[in-house]
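Okay, structure first, notes after.
To find a chain, count down the sequence lines: A is the first, B the second, and so on, and within it residues start at 1. The basis for the numbers below is simple: all heavy atoms, side chains too, and nothing from hydrogens, waters or symmetry mates.
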There are 2 protein chains.
Amino acid sequence: MASDSRTNAGFDDLNVVRKMHTFIQPDERVFVILCSGSLSLSQSVINLVRASFDAGEGIAQANSMYEAAREVGQAIRQVSDLDRAALERDSYNFNVHLLLGGQVRGEAPRSFLIYPQGNPLSSTEDSPFLQLGEYKYGRPILDRGIVYDSTSLKSAAKYALLSFDATMRSNVTVGPPIEIILYRKDSFQLENYRRLMAGDQELETIHSLWERYLRNAVEDLPILTFGPHPAYEKQPALL
Amino acid sequence: MASDSRTNAGFDDLNVVRKMHTFIQPDERVFVILCSGSLSLSQSVINLVRASFDAGEGIAQANSMYEAAREVGQAIRQVSDLDRAALERDSYNFNVHLLLGGQVRGEAPRSFLIYPQGNPLSSTEDSPFLQLGEYKYGRPILDRGIVYDSTSLKSAAKYALLSFDATMRSNVTVGPPIEIILYRKDSFQLENYRRLMAGDQELETIHSLWERYLRNAVEDLPILTFGPHPAYEKQPALL
């Protein structure tokens, strides 16, 4: 699970905020929730989820990741009841998307995307990763690299970081710090966490090595062959 | 200049169409126009531009690339006068974006993006490439690789192809054939053209080599170091 920390209310109002939230019952269950969309809405959802978790209810009692995803979806619907009408009256969308990953003892780890309507979508063997928010810039590297059951955790961490690196290079609405959690099956704890600030030495090294590797790889590709343009324009039917 | 050939009117209505149009006066001027947005609108614009070009007017008389871009913008405004009201009555946007590249004798080659409103935007030394349409997936590789005045034409062709390859991998609305034209300064002809069909042997080779290079490069990157998660959630103020 990886998230950036930039939030904006217009281009002249950028702020840093954590978008990663964790919930642990040692040896029993671990959840990580990532947020995108309206920060006001996702904060409200997380507050509801945490209050019920701390009271031993909601995701603290879920018997499966699917049930946990449904509990999170219920929290979104509660916030929808509170805020949607007021937002829509001023032409704002009710926009909050969450990513839930983790494990409940008794089943394998799973991950879900939860929509603003509260309904969940699971990752699958053929679609082994889920993305939130400004996802397009960072998607090709994941499409090329991530393979269910064969990509290692350490490699997955690199792909996640490269996906964010590509997005941050091209889009100002995504920015550091980058938080990454690797969860190892059946560990029920979060022992592999990293928060990478802007200018982090490892981040800089990976960024510059990656750019060099990419350029070298492009140079190593065969050169395309070209020929004269056939001037299709002489044939109007082909327009 | 590079373009794909997929056009769609909804996911169940995909077609193949050329989006690259060329205009040549040997030894005097060369123009290449790429289209995105509504195919009906871009066809109308190209028809107007070609009719005036064939009559020795419009871009056939422009004294600079800027003037040519303005002529193309005028054609967009003519089509706007014809179609905008009818489209907007049925809640369609007047959506047509064009990319104009080429050279008029007496100045250097230039490229412009021309908006649906008809106004032009030039590429610059700091922003040496322009994109149209579904641009986000294919942008990071261009951001990383293309450098004004130092990227060779042959390398630029590879980057353009890789940009389309990334986009086609992730998005079904972009598809082959891919057309690429390399224009060499002061040549005033189109001697380096290629149309790559789906399954083209060179395209397949570059695609699979590129995926292998990327995966190897990821493996070669240093492994990030991780530590225990600090459980910020104990500190509500940090939410």
Side-chain angles (χ1 to χ4, degrees), chain A residues 18 21-24 43 46-47 50 134 136-141 143-145 154-155 157-159 161-162 166-167 169-171 180-182 189-194 196 202 205-206 209-211 213-233 238-239, chain B residues 18 21-24 43 46-47 50 134 136-141 143-145 154-155 157-159 161-162 166-167 169-171 180-182 189-194 196 202 205-206 209-211 213-233 238-239:
Chain A
R18 286 180 201 283
H21 306 277
T22 63
F23 304 81
I24 306 180
Q43 280 183 347
I46 294 296
N47 273 327
R50 187 163 304 285
E134 182 61 75
K136 291 188 178 182
Y137 300 104
R139 173 144 189 164
I141 185 68
D143 272 331
R144 286 193 155 106
K154 299 286 186 196
S155 290
K158 293 182 193 176
Y159 280 108
L161 193 61
L162 292 172
T167 310
R169 179 82 174 71
S170 298
N171 190 299
I180 304 186
I181 278 182
L182 305 188
Q189 51 190 354
L190 299 174
E191 287 303 303
N192 291 292
Y193 170 81
R194 182 69 183 276
L196 296 139
E202 281 181 83
T205 300
I206 286 176
L209 274 179
W210 183 244
E211 296 226 344
Y213 289 169
L214 283 187
R215 289 183 189 203
N216 291 345
V218 171
E219 292 311 310
D220 286 349
L221 288 175
I223 289 172
L224 273 176
T225 53
F226 290 90
H229 187 269
Y232 297 104
E233 282 68 18
L238 283 172
L239 175 70
Chain B
R18 286 180 202 283
H21 306 276
T22 62
F23 304 81
I24 306 179
Q43 280 185 346
I46 295 296
N47 273 327
R50 187 163 305 284
E134 182 61 76
K136 290 188 179 184
Y137 300 103
R139 173 144 188 164
I141 185 65
D143 272 331
R144 285 194 155 103
K154 299 284 187 197
S155 290
K158 294 182 194 177
Y159 280 108
L161 193 61
L162 293 172
T167 310
R169 178 83 173 71
S170 298
N171 191 300
I180 303 186
I181 279 182
L182 305 188
Q189 50 191 355
L190 298 175
E191 288 303 304
N192 291 293
Y193 170 80
R194 182 69 184 275
L196 297 139
E202 280 181 85
T205 300
I206 285 176
L209 275 179
W210 183 244
E211 296 225 345
Y213 289 169
L214 283 187
R215 289 182 188 205
N216 291 345
V218 171
E219 294 310 310
D220 286 348
L221 287 175
I223 290 171
L224 273 176
T225 53
F226 290 91
H229 187 267
Y232 296 105
E233 282 67 19
L238 284 171
L239 177 69

Under 4.5 Å, counting heavy-atom pairs only, tell me which of [options] racks up the most with chain A.
| options | value |
| --- | --- |
| B:Thr167, B:Ile206, B:Val218, B:Ile223 | B:Val218 |
| B:Thr205, B:Asn216, B:Leu196, B:Leu182 | B:Leu182 |
| B:Glu134, B:Glu219, B:Arg194 | B:Arg194 |

Which pair of non-hydrogen atoms, one from A:Trp210 and one from B:Ala217, has the smallest distance, and what is that distance?
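Nearest pair, atom of A:Trp210 first, then B:Ala217: CZ3-CB, 3.5 Å.
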Tell me which one of A:Arg139, A:Lys136, A:Arg144 satisfies side-chain contact (heavy atoms from CB on, under 4.5 Å) with B:Ser170.
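Of all the options given, the one that passes is A:Arg139.
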I need the residue from A:Gly138, A:Ala157, A:Ser155, A:Pro140 with the largest number of non-hydrogen atom pairs under 4.5 Å to chain B.
A:Pro140
From [atom1] ([X]) to [atom2] ([Y]), nearest 0.5 Å:
| X | Y | atom1 | atom2 | answer |
| --- | --- | --- | --- | --- |
| A:Leu224 | B:Leu161 | CG | CG | 5.5 Å |
| A:Lys154 | B:Leu221 | NZ | CG | 14.5 Å |
| A:Ile180 | B:Phe226 | CD1 | CZ | 5.0 Å |

Could you list the residues that satisfy side-chain hydrogen bond (donor to acceptor under 3.5 Å, both in side chains) with B:Asp220, not counting sequence neighbours?
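Once residues adjacent in sequence are excluded, B:Asp220 has no partner under the side-chain hydrogen bond (donor to acceptor under 3.5 Å, both in side chains) criterion.
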Is B:Ile181 close to chain A through its backbone or its side chain, or both, or neither, when contacts mean heavy atoms under 4.5 Å?
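Just its side chain gets close to chain A.
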Judged by atom type as modelled, is there a donor-acceptor pair below 3.5 Å linking the side chain of A:Glu202 to the main-chain atoms of B:Thr225?
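Looks like yes, one N/O pair under 3.5 Å.
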Considering only heavy atoms, which portion of A:Gln189 lies under 4.5 Å from any heavy atom of chain B: side chain, backbone, both, or neither?
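A:Gln189 has no heavy atom closer than 4.5 Å to chain B.
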Measure the shortest side-chain to side-chain distance between B:Tyr193 and A:Pro230 over non-hydrogen atoms and say whether it is less than 4.5 angstrom.
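The answer is yes; the side chains approach within 4.5 Å.
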